[in-house]
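Data block below; observations after.
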Amino acid sequence: MLLDIKGLCKSFGSVVAADKLDLAVAPGEALGIIGPNGAGKTTLFNLIAGSLAPDRGEIRFNNRDVTAISPHQRCKLGIGRSYQIPQPFESLTVFENLLVGAVHGRGLTERAAAAPCADILAPTGLIARADIPVRSLTLLERKRLEMARALATGPQLLLLDEIAGGLTEVECRALIETIKDVHAAGTAIVWIEHIVHALLAVVGRLIVLDFGRKVAEGEPRQVMASAEVRQIYIGIEA
Amino acid sequence: MTGLADTIIQGVLLGGLYALFAAGLSLTFGIMRLVNLAHGDLIVLAAFAILALASWLALDPFLAVLVALPLMFAAGLGLQHILLNRTLGHGLLPPLLVTFGLSIIIQNGLMQGFTADSQRLQAGAIETASVQLGGGVTVGLMPLATFVSAIAVILGLNFLFYRTALGRAFRATSDDLEIAELMGIDHRRIFSLAMGVAMIVATIAALYLGMRANFDPTIGPARLLYAFEAVIIGGLGSFWGTLAGGVIIGLAQTIGAELNPEWQILAGHLAFLFVLVLRPRGLFPRATD
């Protein structure tokens, strides 16, 4: 397994965000995660990327225990993460945002990192805006940058947090194609998304989280059709 | 008229010295939000290091500083790695208390090692050499060298910040520490390197401090005050702003002294307050918080 999580627990006071959670991701797999707000989805990403420490449990990546190591070490091992609300380095240019990830995440020199960064930037349409400061980007551009920057670190596992939220239908279709390309290139993807049809276009397996627990798991369409999921997801159409 | 031009030139050149004091402070605050109350004492420590090296190795101060630079860089790395990194991330108070304590320790350590006597870096004939600028205005070579060095340091820091991988890592970490970690940046390592660079700047400042005037182990805090004022006048996060801040303090002090010798220090502080009233965020603010 690429990512192997066992018995993960995390509480914030009386709020349980992860409750003895087990999760495994195979190399090159595309896994979708859905669940209502407050189900612990983003917390799970914070635990995997290392921004939060779990109360109990173990996270293994490429058969190595990463539970206690720092976020920058996890990044170097190949865990890339994008945020729901884009968090670029505002005072850096678009290209510098990628460059920093490639230099530190992959251990490249800036000279060696320039070409791969340009390759990542090209399909996002941001290449023409490469040398402007990030603070002047639009929301859509910031969303694209958020994923491009995570890719620049050369991840084997890419964690996408509601990347399709707020996009138009056309933009969403373009994004799905980009994510499919990333997946086809061999990167494993774990994708949290409320826009279920976008998710189903990419993922081969779906997990439903609620109150920090896995309530359903399996082939995406079957999971979406199950009575339990329907009950949690009243009002959300598959 | 010559008198006024002379005063202004002296003030601007004095500002170069204050900018050198301030640049290291600006750097550590900009990157890691560390208010280093020991910065003035670290400059004095560097001046004593140059003094000791110059006398042991029988070197000119300009050569002794070349030996002192790597030593002070390493001292900065070690200081940040062993001590200061532990104080960051728990609010404003721990770094203030620890650097305040460090300031006392450095002063007393220097007092033990070098006594409380005034010292001076002896540079020979260059100390009194002067340059004719035309129009009857003459400037000392030493103040001129100080100012040119300040500009060189600021050009160097801007190059480091905007043209190198380390500089991008500095800016990224300054921007958002947590995201920098997710991009593979070890922020503690970056902080240590930042302190090392700050110590290099402090050592250059120490060279001119020691050659222009007498120094003793206790003068650090007064120098720190001018440095703080220069950084704040300039606006946090802008090196050119720091130079402008230093020049404003330097100008105010020389003009004040011209009016009445007792007003020198007061005029500098008044200029600081005046700028703060007009532009509370400094002249060239860059940092958003």
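Within every chain, numbering begins at 1; the chains are lettered A, B, ... in the order of the sequence lines, protein sequences first and strands thereafter. A quick note: this is a predicted structure, and the numbers were derived from the prediction, not measured.
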Note to self: So for atom CZ, which belongs to B:F100, do other residues, nucleotides or ligands contribute more than 12 heavy atoms lying within a distance under 6.0 Å?
What the structure shows: no

Note to self: Would you say that more than 12 heavy atoms from the other residues, nucleotides or ligands in this model lie under 6.0 Å from the CZ of A:R60, or not?
What the structure shows: yes

Next item on the list: Counting only heavy atoms closer than 4.5 Å, note whether A:T153 contacts chain B via side chain, backbone, both or neither.
Entry: side chain

Check: Any chance CZ of B:F274 has more than 12 other-residue heavy atoms, nucleotides or ligands included, within less than 6.0 Å?
Finding: no

Next item on the list: Kindly compute the distance separating OH (B:Y162) from CG (A:L92), expressed to the nearest 0.5 Å.
Entry: 9.0 Å

Check: Which answer fits A:E110, side chain, backbone, both or neither, if we ask what part of it has an atom under 4.5 Å from a heavy atom of chain B?
Finding: side chain

Next item on the list: Heavy atoms only, distances under 4.5 angstrom: which of A:K76, A:R81, A:R149 has the most pairs with chain B? Name it, please.
Entry: A:R149

Notebook entry, point to check: Around atom CG of B:L97, are there more than 12 heavy atoms of other residues, nucleotides or ligands at under 6.0 Å?
Noted result: yes

Note to self: For A:L77, which atoms come within 4.5 Å of any heavy atom of chain B: side chain, backbone, both, or neither?
What the structure shows: neither

Next item on the list: Could you please state which residues from residues 164-185 of chain B sit under 4.5 angstrom from chain A, measuring non-hydrogen atom to non-hydrogen atom, sorted by number, or 'none'?
Entry: B:T164, B:A165, B:R168, B:A169, B:R171, B:A172, B:D175, B:D176, B:E178, B:I179, B:A180, B:E181, B:L182, B:M183, B:G184, B:I185

Margin query: I need the residue from A:R106, A:Q73, A:Q87 with the largest number of non-hydrogen atom pairs under 4.5 Å to chain B.
Written below: A:Q87

Note to self: Checking an interface table here. Which of residues 75-96 of chain B come within a heavy-atom distance under 4.5 Å of chain A?
What the structure shows: none

